[in-house]
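Notes follow once the structure below has been shown.
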Amino acid sequence: MKPVIGITSYIRKDVFRNYSQVGYEYIDKIEKANGIPIILPLLQKYSEEELNRLIEDVDGIIFTGGCNVKSNWYGEKSLEKEAKEDDLRNKFERDLFLVAKKKKKPILGVCRGCQLINVLQGGTLVQSIDSELNTEVYHKGTGHRIDEKLHKVTLCENSFLKDIYNENEVQVNSFHEQCIKIIGSNLRVAAKCCEDGVIEGVEYEGDFYMAGVQWHPEGMEDQLRLFQEFVEICSQN
């Protein structure tokens, strides 16, 4: 039986109505990896019982890219105003993460999802790569396509990522203005940007699978193997 993979979503507002949505590339990759993708709506009011039901109905969860993780969770004041929709997403995904972790459901974090894992494991973030780091790498990626490769990452020895890709380096896209500063508890670095050493991947050292990557593998055709491995882990779980 194919495993069911929950994919977190966000609220998009326009003049006429609000939408619950996520990039279709996530759906496409999970389907191609032989999983059943399910979009998890951002709930505003929910009980612990309802969160447990959501987690029980999936075999793994992908925490997707998007808005910034709340800075006060790691003891800093936000450099920019946080929208109501962002606050709702942060609260919901934090609670969803904690229940998923308690139930040892496999977790894959993408971009924001990687940062969320790190912060909820007690780590911190660089809020603005442009102003806080001395780097010539254009991590933000504004104006580039999601399938456009902008820099290389080194895959660390003895990491799941190294095993999955079977390469020392891979080329990736890049769409993040923040990055990991201090790595969280029970996490290890799995990938770094070749040019400036920015942490690009983390893995959990606990008793279930949890990993995050800073790039957007869902937008790259040659990154399917990451989703295939995740779906396989979820099927075994």
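In summary, the side chains of Asn118 and Lys181 do not present any donor paired with an acceptor at a separation below 3.5 Å, with no hydrogens or angles considered. A side-chain N or O of His216 and one of Glu218 form a donor-acceptor pair less than 3.5 Å apart. Between the side chains of Gln214 and Gln115, a donor-acceptor pair is found at a separation under 3.5 Å. Side-chain N/O atoms of Lys101 and Gln121 include a donor and acceptor closer than 3.5 Å. Defined by atom type and a distance below 3.5 Å, a donor-acceptor pair is missing between the side-chain atoms of Glu232 and Gln228. Counted by atom type alone, Tyr10 and Glu85 present zero donor-acceptor pairs between their side chains at under 3.5 Å. Residues Asp196 and His139 bring a donor and an acceptor atom of their side chains to less than 3.5 Å of each other. Looking only at atom types and distance, the side chain of Gln127 has a donor-acceptor partner in the side chain of Glu76 under 3.5 Å away.
Cluster annotation: Phe63 is connected to Ile117 through the hydrophobic network of ILVMFWY side chains, with a link wherever side-chain heavy atoms come within less than 4.5 Å. Tracing side-chain contacts under 4.5 Å through hydrophobic residues (I, L, V, M, F, W, Y), one reaches Ile5 starting from Tyr24; they form part of the same cluster. Hydrophobic clustering (side-chain heavy atoms under 4.5 Å, transitive across Ile, Leu, Val, Met, Phe, Trp, Tyr) groups Leu43 together with Leu98. Using a 4.5 Å cut-off between side-chain heavy atoms of Ile, Leu, Val, Met, Phe, Trp and Tyr, with links allowed through other members, Leu108 and Leu187 fall into different hydrophobic clusters. Residues Leu150 and Leu226 do not share a hydrophobic cluster, clusters being chains of Ile/Leu/Val/Met/Phe/Trp/Tyr side chains in contact below 4.5 Å.
The distance from atom CG of Asp59 to atom CE of Met1, rounded to the nearest 0.5 Å, is 9.5 Å. Atom NZ of Lys70 sits about 11.0 Å away from atom CG of Asn68, to the nearest 0.5 Å. With rounding to the nearest 0.5 angstrom, the CG atom of Leu79 is 9.5 Å from the NZ atom of Lys77. The distance from the CE atom of Met210 to the CD1 atom of Ile61 is 11.5 Å, given to the nearest 0.5 Å.
Under the 6.0 Å cut-off for aromatic ring centres, Tyr209 and Phe160 qualify, their centroids lying closer than that.
Side-chain contact check for Ile146 versus Asn173: some heavy-atom pair is nearer than 4.5 Å. By the 4.5 Å heavy-atom criterion applied to side chains, Glu221 and Lys29 are counted as neighbours. Taking 4.5 Å as the limit, some side-chain heavy atom of Leu116 sits within range of a side-chain heavy atom of Glu93.
Taking the ring axis of Tyr19 as reference, the NZ or CZ atom of Arg12 stays within 45° of it and closer than 6.0 Å to the ring centre.
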Note to self: Working note: Asp95 + Tyr46, criterion side-chain hydrogen bond (donor to acceptor under 3.5 Å, both in side chains); need CA distance, chi angles, decisive distance, verdict.
What the structure shows: CA-CA 10 Å; Asp95 295 344; Tyr46 50 85; 2.7 Å; yes
Notebook entry, point to check: Please walk me through it: do Lys91 and Asp87 pass salt bridge (Lys or Arg N to Asp or Glu O under 4.0 Å)?
Noted result: CA-CA 6 Å; Lys91 180 179 184 302; Asp87 284 340; over 6 Å; no
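Within 6.0 Å of atom CG in Asn158, 12 or fewer heavy atoms from other residues, nucleotides or ligands are found, so the atom counts as exposed in its surroundings. No more than 12 heavy atoms of other residues, nucleotides or ligands shown are found within 6.0 angstrom of CG on Asn166. More than 12 heavy-atom neighbours from other residues, nucleotides or ligands sit within 6.0 angstrom of CD on Glu205.
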